[in-house]
**Q** 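Have a look at the structure that comes next, please.
As the structure is a computational prediction, the values presented were derived from the model and not from experiment.
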Amino acid sequence: HLQFVESGGGTVQPGGSLTLSCAASGSTLDDYAIAWFRQAPGKEREGVSCIRTKGGSTDSNDSVKGRFTISGDSAKTAVYLQMNSLKPEDTGVYYCARTRMAYGRCTFDPLRPEQWGQGTQVTVSA
């Protein structure tokens with residue numbers, strides 16, 4: 001049973017950087033769609049970036065394009081989210097999850113929307 005543990009969050013000033021980690025257990029990520037999501041206080045959870053672990057194709061929310069980079073490790077055990085030029089509106093709890101694929105690419109449609117990990121808190125504040 002594939003499970004994830006998110007880590008790497010923290011508090012940074014606007015313009016700062018953080019790298020989030022999504023460690024997988026129960027299976028190696030040979031050919032999965034994995035996405036990072038975030039939920040800000042009072043708002044719905046939204047997709048941030050996703051990756052297909054085989055081949056490495058990615059997609060991102062327009063609000064983070066050019067600032068966030070999603071990647072997977074060569075051992076197929078983790079997915080990362082490098083976040084640069086952080087803004088206060090990036091504040092929220094960040095989660096990773098397996099998502100469905102469409103036309104061979106990752107999506108932001110969670111395979112098990114009722115199951116989420118603890119997430120990791122990211123706070124961008126002066």
Side-chain angles (χ1 to χ4, degrees):
H1 178 60
L2 188 60
Q3 293 183 307
F4 301 101
V5 175
E6 304 92 345
S7 63
T11 299
V12 296
Q13 294 186 340
S17 298
L18 283 173
T19 300
L20 305 184
S21 297
C22 170
S25 63
S27 175
T28 53
L29 305 175
D30 293 326
D31 189 8
Y32 288 97
I34 306 295
W36 281 98
F37 296 81
R38 66 186 178 192
Q39 188 166 22
K43 293 187 177 181
E44 293 188 354
R45 190 176 282 130
E46 65 173 350
V48 176
S49 294
C50 69
I51 186 169
R52 179 176 177 178
T53 57
K54 181 179 181 180
S57 61
T58 64
D59 195 9
S60 291
N61 186 309
D62 285 346
S63 66
V64 305
K65 283 181 179 177
R67 300 188 299 121
F68 291 12
T69 302
I70 189 170
S71 63
D73 72 342
S74 58
K76 305 284 190 186
T77 60
V79 170
Y80 305 100
L81 187 67
Q82 174 67 44
M83 306 187 295
N84 298 326
S85 302
L86 282 161
K87 303 175 181 180
E89 51 264 43
D90 295 318
T91 294
V93 181
Y94 283 67
Y95 305 87
C96 61
R98 185 183 174 189
T99 59
R100 302 182 189 281
M101 282 194 240
Y103 305 104
R105 297 186 64 88
C106 62
T107 70
F108 294 112
D109 183 8
L111 204 64
R112 293 184 175 83
E114 72 284 0
Q115 293 183 3
W116 295 93
Q118 293 297 310
T120 186
Q121 175 72 45
V122 172
T123 303
V124 185
S125 174

**Q** Taking the side chain as every heavy atom from C-beta outward, state whether R52 and M101 have any atom pair closer than 4.5 Å.
**A**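 The answer is yes, as the side chains (C-beta and beyond) meet within the 4.5 Å cut-off.
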**Q** Hey, quick one: are V64 and Y80 part of the same hydrophobic cluster, counting side-chain heavy atoms closer than 4.5 Å, chains of contacts allowed?
**A**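 No, separate clusters.
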**Q** Is the shortest side-chain heavy-atom distance between V12 and T123 below 4.5 Å?
**A**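 A side-chain contact is absent here, since even the closest heavy-atom pair is not under 4.5 Å.
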**Q** Would you say that D90 contacts Y94 through its side chain, given a criterion of any heavy-atom pair below 4.5 Å between the two side chains?
**A**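 Yes, at least one pair of side-chain atoms sits under 4.5 Å.
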**Q** Heavy atoms, side chains only, cut-off 4.5 Å: are R38 and V122 in contact?
**A**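 Side-chain contact under 4.5 Å: no.
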**Q** May I ask you to decide if G15's main-chain N or O and K87's side chain share a donor-acceptor pair within less than 3.5 Å?
**A**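 Absent.
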**Q** For R100 and D109, indicate whether the former's side chain and the latter's backbone hold a donor-acceptor pair under 3.5 Å.
**A**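 It does not hold such a pair.
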**Q** Which residue pairs pass the disulfide (SG to SG under 2.5 Å) test with at least one member in residues 84-126, sequence neighbours excluded?
**A**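 Listed once each, the pairs are C22-C96, C50-C106.
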**Q** Evaluate whether atom CD of E89 has more than 12 neighbouring non-hydrogen atoms of other residues, nucleotides or ligands under 6.0 angstrom away.
**A**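 More than 12 within 6.0 Å, yes.
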**Q** Do L18 and L81 belong together in a cluster built from hydrophobic side chains that touch within less than 4.5 Å?
**A**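 Same cluster: L18 reaches L81 through Ile, Leu, Val, Met, Phe, Trp or Tyr contacts under 4.5 Å.
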**Q** Measure the shortest side-chain to side-chain distance between T120 and V93 over non-hydrogen atoms and say whether it is less than 4.5 angstrom.
**A**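 When only atoms from C-beta onward are counted, V93 and T120 do not touch, as no gap falls below 4.5 Å.
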**Q** Can you get from Y95 to V124 by hopping between Ile, Leu, Val, Met, Phe, Trp and Tyr side chains that sit under 4.5 Å apart?
**A**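 As far as the 4.5 Å side-chain criterion goes, V124 and Y95 are not connected within one cluster.
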**Q** Write down the atom of G47, the atom of F108, and the distance for their closest heavy-atom approach.
**A**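 Reported closest heavy-atom pair: CA-CD2, 3.5 Å.
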**Q** Backbone N or O of P110 within a donor-acceptor pair of the T99 side chain at under 3.5 Å?
**A**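 Answer holds: no.
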**Q** According to a 4.5 Å side-chain heavy-atom criterion applied to Ile, Leu, Val, Met, Phe, Trp and Tyr, with indirect links allowed, do F68 and I70 form part of one hydrophobic cluster?
**A**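 Linked, F68 and I70 end up in one cluster.
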**Q** Which residues pass the ring pair (Phe, Tyr, Trp, His ring centres under 6.0 Å) test with F37, sequence neighbours left out?
**A**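 Ring pair (Phe, Tyr, Trp, His ring centres under 6.0 Å) list for F37, sorted by chain: W116.
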**Q** Would you find a donor on one side and an acceptor on the other, under 3.5 Å apart, between the side chain of R105 and the backbone of T58?
**A**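 Yes, the answer is positive, given that a donor and an acceptor are paired below the 3.5 Å cut-off.
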**Q** Hey, are K65 and D62 close enough for a salt bridge, meaning a charged N less than 4.0 Å from a carboxylate O?
**A**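 Salt bridge: yes.
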**Q** Evaluate the side-chain proximity of I51 to S57: yes if any heavy-atom separation is below 4.5 Å, no if none is.
**A**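 A side-chain contact under 4.5 Å is absent here.
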**Q** For residues P14 and P88, determine if any side-chain heavy atom of one lies less than 4.5 Å from a side-chain heavy atom of the other.
**A**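 In contact.
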**Q** Take a 6.0 Å sphere around NZ of K76 and say whether it holds more than 12 heavy atoms from other residues, nucleotides or ligands.
**A**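 Count over threshold, so yes.
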**Q** Kindly indicate whether the side chain of L29, heavy atoms from C-beta on, has any atom under 4.5 Å from the side chain of I34.
**A**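 With C-beta onward as the side chain, the pair touches.
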**Q** Would Q115 and H1 satisfy side chain to side chain contact (heavy atoms under 4.5 Å, CB included), going step by step from the backbone distance to the final call?
**A** CA-CA 12 Å; Q115 293 183 3; H1 178 60; 3.8 Å; yes
**Q** Would you indicate whether Q118, at its atom CD, is surrounded by more than 12 heavy atoms from other residues, nucleotides or ligands within a distance under 6.0 Å?
**A**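 It does not: Q118 CD has 12 such atoms or fewer within range.
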**Q** If a pair satisfies side chain to side chain donor-acceptor pair (under 3.5 Å) and one of its residues is in residues 2-27, list it, with sequence neighbours excluded.
**A**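 Checked against side chain to side chain donor-acceptor pair (under 3.5 Å) - neighbours excluded - the pairs reaching residues 2-27 are S17-N84, T19-Q82, S27-Y32.
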